[in-house]
Student: 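Structure below; questions to follow.
Model, not experiment: these values are computed from the prediction.
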Amino acid sequence: MKAQVYSRYGGPDQLRLAEVARPRARPDGVLVRVEAASLNAYDWRLLRGDPAAVRLLQGLFRPKNQVLGSDMAGTVAAVGADVGSLKVGDQVFGSSGASWTGGLAEFAAARAAGLAVKPANLSFEQAAALPMAGVTALAAVREVVGVKDGMDVLVNGAAGGVGTFAVQLAKALGARVTGVCGANHAELVRGIGADRVVDYAKEDFTAAGEAYDGIVDVAANRSVAELRRALKPGGVIASVGFGGVGHTAAVGLAAARKRAPKRVALVAADNKDGRLLRDLLALVEAGAVRPVIDRVYPFEQAAQAFAHIGRGHAGGKVVIRVG
């Protein structure tokens with residue numbers, strides 16, 4: 001089968017289209033004929049091998065798993081012996097899992113529990129855009145911040161993959177939502193439900209005198225002290241983005257202290273049992289949330305898609321059409 005592979009850490013130029021062996025379905029997994037895959041900041045970090053913690057998981061000098069693309073959508077081609085929830089021919093979407101094979105290939109092996117049946121009214125490209133970003137946003141907004149009707153919520157980095165889901169989810173749960181993004185994405189963020197949009201280049205939301213019940217920090221470009229300045233007593237900062245080793249260490253230390261009355265929490269979207277993905281799907285089917293797609297690239301242009309991600313200017317998700 002054809003796959004986009006990389007054998008060294010580095011930039012998009014490390015990717016190449018190659019013939020590789022087709023994976024097999026494990027007992028608790030399925031083999032998916034991939035139609036579309038979406039890229040996340042997670043995939044960018046795996047490609048770069050940065051931060052160093054990535055190499056502890058993927059290989060110190062070379063990546064063990066040479067096929068990227070954690071999120072995918074496609075058709076079940078084979079089913080493992082222990083899987084009863086899916087059958088051959090089902091159209092599915094979800095995340096393959098860190099130790100499984102990536103979606104930037106004609107076939108991918110994925111854990112069955114990390115997949116859901118694709119609704120007929122979603123294209124493969126739309127479905128592939130949902131899993132990691134949508135589940136992470138749902139974990140941040142509902143599980144960590146605990147958004148309820150009437151709360152004031154700010155999303156820092158509102159135009160990205162996680163950010164566009166976070167804005168919609170907070171709005172769907174009844175919050176008044178402020179989205180922080182660049183001026184070029186202001187209309188996009190308003191269009192998905194933000195009550196107010198802040199241009200980060202013109203206004204420092206941490207010094208504006210406004211206070212919020214919850215802050216979903218995707219951009220990771222403000223210190224914990226600055227974010228707390230914009231938080232109401234009893235509020236929560238849900239830290240999603242990676243702003244470098246120093247920033248992550250500071251956020252982790254603040255989270256470990258569980259300091260009241262302005263709490264900081266690291267968001268870990270644990271979807272091993274598929275619960276969050278199913279909850280997200282229900283919100284999509286109800287029309288409360290929709291995937292925002294910035295661009296769709298053909299399979300052969302995976303390197304260009306990664307370069308676009310690396311520039312940090314995507315509005316929503318970047319998707320690759322594989323099938």
Side-chain angles (χ1 to χ4, degrees), residues 29-40 42-43 69-77 79 83 85-97 100 102-108 110-139 141-142 159-173 188-189 191-193 269 271 273-299 302 305 309 314-323:
V30 299
L31 182 68
V32 177
R33 181 188 293 274
V34 180
E35 296 293 339
S38 75
L39 303 183
N40 297 282
Y42 171 79
D43 299 296
S70 52
D71 288 353
M72 69 180 78
T75 304
V76 175
V79 178
V83 177
S85 56
L86 297 171
K87 63 183 185 301
V88 172
D90 282 346
Q91 294 185 345
V92 296
F93 72 101
S95 294
S96 58
W100 298 68
L104 292 182
E106 292 178 315
F107 290 87
R111 185 171 47 88
L115 302 175
V117 174
K118 182 184 79 66
N121 63 343
L122 280 185
S123 68
F124 284 113
E125 289 82 6
Q126 289 172 317
L130 286 170
M132 183 175 286
V135 164
T136 301
L138 183 59
V141 170
R142 190 185 68 182
V162 175
T164 51
F165 281 113
V167 168
Q168 294 177 80
L169 288 164
K171 192 65 180 176
L173 292 171
L188 165 65
V189 174
I192 57 174
N271 191 47
D273 61 0
R275 176 182 64 88
L276 288 174
L277 184 63
R278 291 192 298 270
D279 288 353
L280 176 67
L281 178 57
L283 289 164
V284 171
E285 291 181 309
V289 178
R290 64 177 176 87
V292 176
I293 296 177
D294 179 89
R295 297 185 189 181
V296 178
Y297 288 83
F299 190 32
I309 285 281
K317 292 302 299 288
V318 172
V319 177
I320 296 175
R321 186 181 292 114
V322 178

Student: Listing request: all salt bridge (Lys or Arg N to Asp or Glu O under 4.0 Å) pairs with a residue in residues 115-132, at least two apart in sequence or in separate chains.
Tutor: E125-R321

Student: For R290, check salt bridge (charged side-chain N to carboxylate O under 4.0 Å, His left out) against everything at least two apart and list the hits.
Tutor: none

Student: Name all residues meeting the side-chain hydrogen bond (donor to acceptor under 3.5 Å, both in side chains) criterion together with T136; count only those two or more places apart in sequence or in a different chain, and write none if there are none.
Tutor: none

Student: What pairs with R275 under side-chain hydrogen bond (donor to acceptor under 3.5 Å, both in side chains), at least two apart in sequence or on another chain?
Tutor: E143

Student: State which residues pass side-chain hydrogen bond (donor to acceptor under 3.5 Å, both in side chains) with Q126; sequence neighbours excluded, sorted by chain then number.
Tutor: S123

Student: Which residues satisfy the side-chain contact (heavy atoms from CB on, under 4.5 Å) test with I309, sequence neighbours excluded?
Tutor: L39, W44, V318

Student: Taking side-chain contact (heavy atoms from CB on, under 4.5 Å) as the test, write out the residues that go with A108, two or more places apart.
Tutor: V34, M72, T101

Student: What residues form a salt bridge (charged side-chain N to carboxylate O under 4.0 Å, His left out) with R295, not counting sequence neighbours?
Tutor: none

Student: Using modelled atom types and a 3.5 Å cut-off, is there a donor and acceptor pairing between side-chain atoms of S38 and backbone atoms of A128?
Tutor: yes

Student: Of all the heavy-atom pairs spanning A73 and F124, show the shortest one and how long it is.
Tutor: CB-O, 3.4 Å

Student: Tell me, please, which residues at least two apart from A282 pass side-chain contact (heavy atoms from CB on, under 4.5 Å).
Tutor: none

Student: Kindly write out the residues that satisfy salt bridge (charged side-chain N to carboxylate O under 4.0 Å, His left out) with D90, not counting sequence neighbours, or none if the list is empty.
Tutor: K87

Student: Output all residues satisfying side-chain contact (heavy atoms from CB on, under 4.5 Å) with A113, sequence neighbours left out; order by chain, then residue number.
Tutor: R111

Student: Mind checking whether L283 and L169 have side chains closer than 4.5 Å, heavy atoms only?
Tutor: yes

